Protein chains: 2
Amino acid sequence: MAKSLSKAALATSSKARPQSEAQPPRPVESLSIAQVAEQAGVSVATVSRVLNGHENVRPATRDRVLAAVDASGYRVNELARNLRTAESRLLLTMVPDVGNPFYAEIVRGIDSVARQHGYFMLLCDTGADPGRERSYFDLLRRRRADGAICLDPATIQQALGEASSALPWVACCEFDPEMGVPYVGIDNYRAAGDAVRHLLARGHRRIGLINSDVDYLYARQRQQGYLDALTEAGITPDERWRMNLNSLDYEAGASAAAVLMQQPDAPSAIFAVSDTLAIGVIHGLRNVGKHVPDDVAVVGFDDISLAAQIDPPLTTIAQPMRELGETAARLLLQRLANPLMNVPGVLLPHRLVIRRSA
Amino acid sequence: MAKSLSKAALATSSKARPQSEAQPPRPVESLSIAQVAEQAGVSVATVSRVLNGHENVRPATRDRVLAAVDASGYRVNELARNLRTAESRLLLTMVPDVGNPFYAEIVRGIDSVARQHGYFMLLCDTGADPGRERSYFDLLRRRRADGAICLDPATIQQALGEASSALPWVACCEFDPEMGVPYVGIDNYRAAGDAVRHLLARGHRRIGLINSDVDYLYARQRQQGYLDALTEAGITPDERWRMNLNSLDYEAGASAAAVLMQQPDAPSAIFAVSDTLAIGVIHGLRNVGKHVPDDVAVVGFDDISLAAQIDPPLTTIAQPMRELGETAARLLLQRLANPLMNVPGVLLPHRLVIRRSA
DNA sequence: GTGAAAGCGCTAACAA
DNA sequence: TTGTTAGCGCTTTCAC
């Protein structure tokens with residue numbers, strides 16, 4: 001097949017070039033339901049009934065309408081429909097960074113549930129930009145979407161502070177049980193404890209923590225889990241073993257690891273609160289000549305698919321990503337169906353996945 | 001700060017639990033422009049004028065309106081506005097897999113340009129599901145979005161086959177210059193050639209190709225670039241060195257590498273058409289005891305941020321992701337502004353990034 | 001079973 | 001400068 005492809009057909013210039021002249025005709029200015037009705041010799045009401053699958057239409061009439069729709073290529077103008085029905089059947093999902101693979105699977109879970117219930121799910125990348133964050137909530141306020149699921153801790157914090165709790169949204173992964181906003185997440189405190197206890201069981205006493213911003217509740221919970229696990233093991237946590245980062249990038253993890261290793265009496269193990277961070281940490285350790293897990297053990301958090309692929313494969317806390325997403329979607333749908341109902345908060349179980357990095 | 005966090009405030013149960021009772025009151029059934037007008041003692045037209053920043057409103061009147069808007073917390077119902085103005089100011093971006101980091105940066109480029117021009121960009125994960133793919137184009141047909149940018153080769157192929165060229169969309173990365181759909185991408189043929197020539201220059205003669213599905217034009221172009229580069233070097237390409245995958249997952253790359261290495265006379269170098277694949281390849285090679293780059297050299301494609309973080313850092317073809325996205329957005333905006341104009345296809349330069357894997 | 005007509009909330013002519 | 005009014009395209013009573 002590729003063999004039959006003439007080289008001439010392959011683009012070979014690196015400059016802008018005009019495309020083929022064969023621009024097809026633009027569609028005729030789009031039809032309205034009235035024109036279909038005329039075509040079919042019925043009223044707009046009947047066309048509408050057919051389009052919406054109402055029962056009270058004679059089969060013959062229905063067929064006539066369907067034929068007219070087919071022939072004309074008519075599509076409902078949902079803008080009009082939505083105005084009339086006062087709903088858009090659009091759900092928004094806000095993520096802090098689409099580049100972070102942790103969110104991908106959650107998003108799939110949301111999408112599948114949304115779809116089953118006749119909703120479209122669209123993704124918004126908040127990119128840690130406060131202006132953007134707010135603008136997505138505005139989409140909600142202005143009725144362009146029926147509801148939203150927010151996975152971005154920064155956005156969630158901001159929204160919680162703005163009395164947005166009356167808006168139809170739910171928080172996922174980051175949340176505040178006190179705020180009256182439905183949420184789903186895991187028990188971050190226990191999960192962090194589990195990670196640290198695993199390191200402890202491996203004989204580590206000097207355990208570092210690479211955390212994100214403690215402005216986020218999940219970061220505080222994980223930090224507390226880490227601290228308490230150490231304390232319970234009779235270890236006094238050392239301030240110098242802890243770092244707070246405002247990014248979950250690989251690079252951030254790499255440089256944090258380098259900093260951590262510079263001190264005398266550096267940790268023999270590092271717990272990073274995200275797999276992306278942990279992968280960066282492993283890279284950073286390698287850069288300063290440390291071998292994982294022999295010199296320094298590393299445990300991550302999330303269990304993204306990449307975690308099993310790197311060298312050494314990453315020991316990490318697995319979050320039930322798909323279920324997190326599905327649950328979030330169901331919570332939102334519940335809230336939409338019954339705005340007055342108290343929607344519960346949900347915690348899902350996590351799991352320690354032991355691989356070679358620790 | 002974390003210290004002051006009482007343990008009781010941390011969630012510690014793994015079961016669903018009711019949220020706080022402090023459910024705030026739902027918003028009063030939302031206001032219309034008419035109520036604001038009444039509040040301000042003006043007509044709806046005047047309110048509309050103020051809202052849309054028209055000049056011909058007396059400052060005093062404007063202030064009165066603004067005050068009423070503020071006091072009432074009114075927000076435009078964009079559903080109504082959009083019906084009236086016949087545009088949604090929403091742009092869709094379709095990606096095959098949000099989990100693939102290659103798309104993240106492109107998406108940012110699109111978003112920033114869209115935003116500058118007063119559009120929202122929302123992401124759609126097509127997930128290689130034909131039903132879903134089509135449904136997103138339907139969003140376009142039904143006027144819920146003004147335009148779309150498609151990054152998914154499968155969706156692009158399908159759309160090209162369905163006379164969708166009249167719809168306001170542009171193709172990014174995968175495209176067909178003949179179809180009259182604006183596009184932006186790189187010169188895949190030359191880029192693949194560059195990758196192979198680098199391997200050749202390093203002394204490799206047995207060079208494997210791990211490609212995606214040759215149904216995609218980009219895959220055929222890269223394959224052709226690979227074949228021609230070999231031929232020009234006086235090497236007869238061996239069928240057994242080539243594999244076609246229908247996934248770009250890490251796992252797919254890992255198992256493909258294992259298969260490739262099983263044969264006698266296995267390649268001493270592998271060119272994978274995506275970094276995710278290449279990272280999987282490195283992992284797969286490690287599993288069968290091969291060391292990169294000493295036993296087998298690997299070059300990838302895309303230059304995602306992870307490429308520099310893995311061990312060994314990946315030699316790859318860098319695509320100008322941000323510019324790809326920005327250009328795609330500008331092309332789309334052009335098409336929206338002037339539907340009848342011929343929008344050009346654009347090819348952007350790529351770059352070979354040499355790291356340690358080859 | 002089908003049609004006529006009201007109206008969703010907004011913008012933009014057109015009038016005043 | 002401001003108000004009145006006619007739709008945008010659809011769904012949905014309410015008649016027939």
Side-chain angles (χ1 to χ4, degrees), chain A residues 27-66 68-69 72-90 118 138-146, chain B residues 27-66 68-69 72-89 118 138-139 141-146:
Chain A
V28 260
E29 233 5 282
S30 73
L31 312 144
S32 76
I33 199 172
Q35 321 191 34
V36 178
E38 192 177 9
Q39 273 244 341
V42 298
S43 73
V44 293
T46 300
V47 177
S48 173
R49 280 190 274 258
V50 171
L51 257 24
N52 292 288
H54 294 189
E55 285 310 311
N56 50 349
V57 179
R58 194 146 38 93
T61 314
R62 171 181 309 276
D63 290 348
R64 212 140 34 89
V65 170
L66 257 18
V69 168
S72 61
Y74 166 80
R75 304 283 173 147
V76 198
N77 178 334
E78 304 241 15
L79 254 27
R81 168 181 288 176
N82 293 341
L83 174 58
R84 188 54 232 238
T85 59
E87 62 171 13
S88 66
R89 299 205 80 83
L90 246 40
D138 262 5
L139 248 19
L140 230 57
R141 291 198 188 86
R142 301 181 176 194
R143 309 305 180 88
R144 311 192 56 173
D146 290 346
Chain B
V28 259
E29 233 3 283
S30 74
L31 312 143
S32 77
I33 198 172
Q35 321 191 39
V36 178
E38 190 177 11
Q39 272 243 343
V42 298
S43 72
V44 292
T46 301
V47 177
S48 173
R49 280 190 274 259
V50 171
L51 257 23
N52 292 287
H54 293 189
E55 285 309 312
N56 48 350
V57 179
R58 196 147 37 94
T61 314
R62 171 180 310 275
D63 290 347
R64 214 141 32 91
V65 170
L66 257 18
V69 168
S72 61
Y74 165 79
R75 304 284 173 146
V76 228
N77 179 332
E78 303 241 15
L79 254 25
R81 169 182 287 177
N82 293 341
L83 173 60
R84 186 56 231 233
T85 59
E87 61 171 14
S88 66
R89 300 204 80 83
D138 261 7
L139 248 19
R141 291 199 189 84
R142 301 181 176 196
R143 308 307 179 89
R144 310 193 57 174
D146 291 345

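Values below: all heavy atoms of this structure, side chains included; hydrogens, waters and symmetry mates excluded. Lettering of chains follows the sequences in order, A, B, ..., and the numbering in each one begins at 1. Note that the structure is predicted; figures quoted are calculated from it, not measured.
Backbone-only engagement by B:Asn52 is indicated by non-hydrogen atom pairs under 4.0 Å involving sugar-phosphate atoms exclusively. Across all strands, B:Thr46 comes closer than 4.0 Å only to sugar-phosphate atoms, never to a base (heavy-atom distances). Across all strands shown, A:Asn77 has heavy atoms under 4.0 Å from sugar-phosphate atoms exclusively, and none from any base. The residue B:Ala45 sits close to a base: some heavy atom pair falls under 4.0 Å.
For the residue pair A:Asn82/A:Ser88, the side-chain donor-acceptor check at 3.5 Å is not satisfied.
Distances shown here put a side-chain N or O of B:Ser48 below 4.0 Å from the OP1 or OP2 atom of C:dT11. In this structure, B:Arg58 does not reach the D:dT1 phosphate: none of its side-chain N or O atoms is under 4.0 Å from OP1 or OP2. Contact annotation: A:Ser43 reaches the phosphate of C:dG3 (side-chain N/O to OP1 or OP2, under 4.0 Å). Between A:Thr61 and C:dT2 there is a side-chain N or O to OP1 or OP2 distance below 4.0 Å.
Residue B:Arg64 contributes atom CZ, which lies 12 Å from atom C1' of D:dT1 at whole-angstrom precision. Rounded to a whole Å, the NE2 atom of A:His54 is 16 Å from the C1' atom of D:dC14. Across the protein-nucleic acid pair, A:Leu51 atom CG and D:dC10 atom P stand 8 Å apart, rounded to whole Å. When rounded to the nearest whole Å, the span between CZ of B:Arg81 and P of D:dG9 equals 18 Å. When the P atom of C:dC8 is taken as reference, atom CD1 of B:Ile33 falls 14 Å away, rounded to whole Å. In this structure, B:Arg49 places its CZ atom 10 Å from C1' of D:dT4, rounding to the nearest Å.
Remark: side-chain polar atoms of B:Arg81 are not paired, donor with acceptor, to backbone N or O of B:Val76 under 3.5 angstrom. Under the 3.5 Å distance criterion, the side-chain polar atoms of A:Asn77 are matched with a main-chain donor or acceptor of A:Leu79. Of the possible donor and acceptor atoms, none in the side chain of B:Thr61 sits under 3.5 Å from a partner among the backbone N and O of B:Val57.
Looking at B:Arg84, its side chain has no donor and acceptor atom pair within 3.5 Å of the base of D:dG9. No donor-acceptor contact under 3.5 Å links the side chain of B:Arg143 to the base of D:dG9.
For B:Ala34 and A:Val57, each mapped to the nucleotide of DNA chain C holding its nearest heavy atom, the one lying further toward the 5' end belongs to A:Val57.
Picking from D:dC10, D:dC8, D:dT5 the nucleotide with the shortest atom distance to the side chain of B:Leu83 gives D:dC8. Nearest to the side-chain atoms of B:Thr85 among the listed nucleotides C:dG3, C:dT11, D:dT11 stands C:dT11.
Counting heavy atoms from C-beta outward, A:Arg143 and B:Glu78 have side chains that stay 4.5 Å or more apart.
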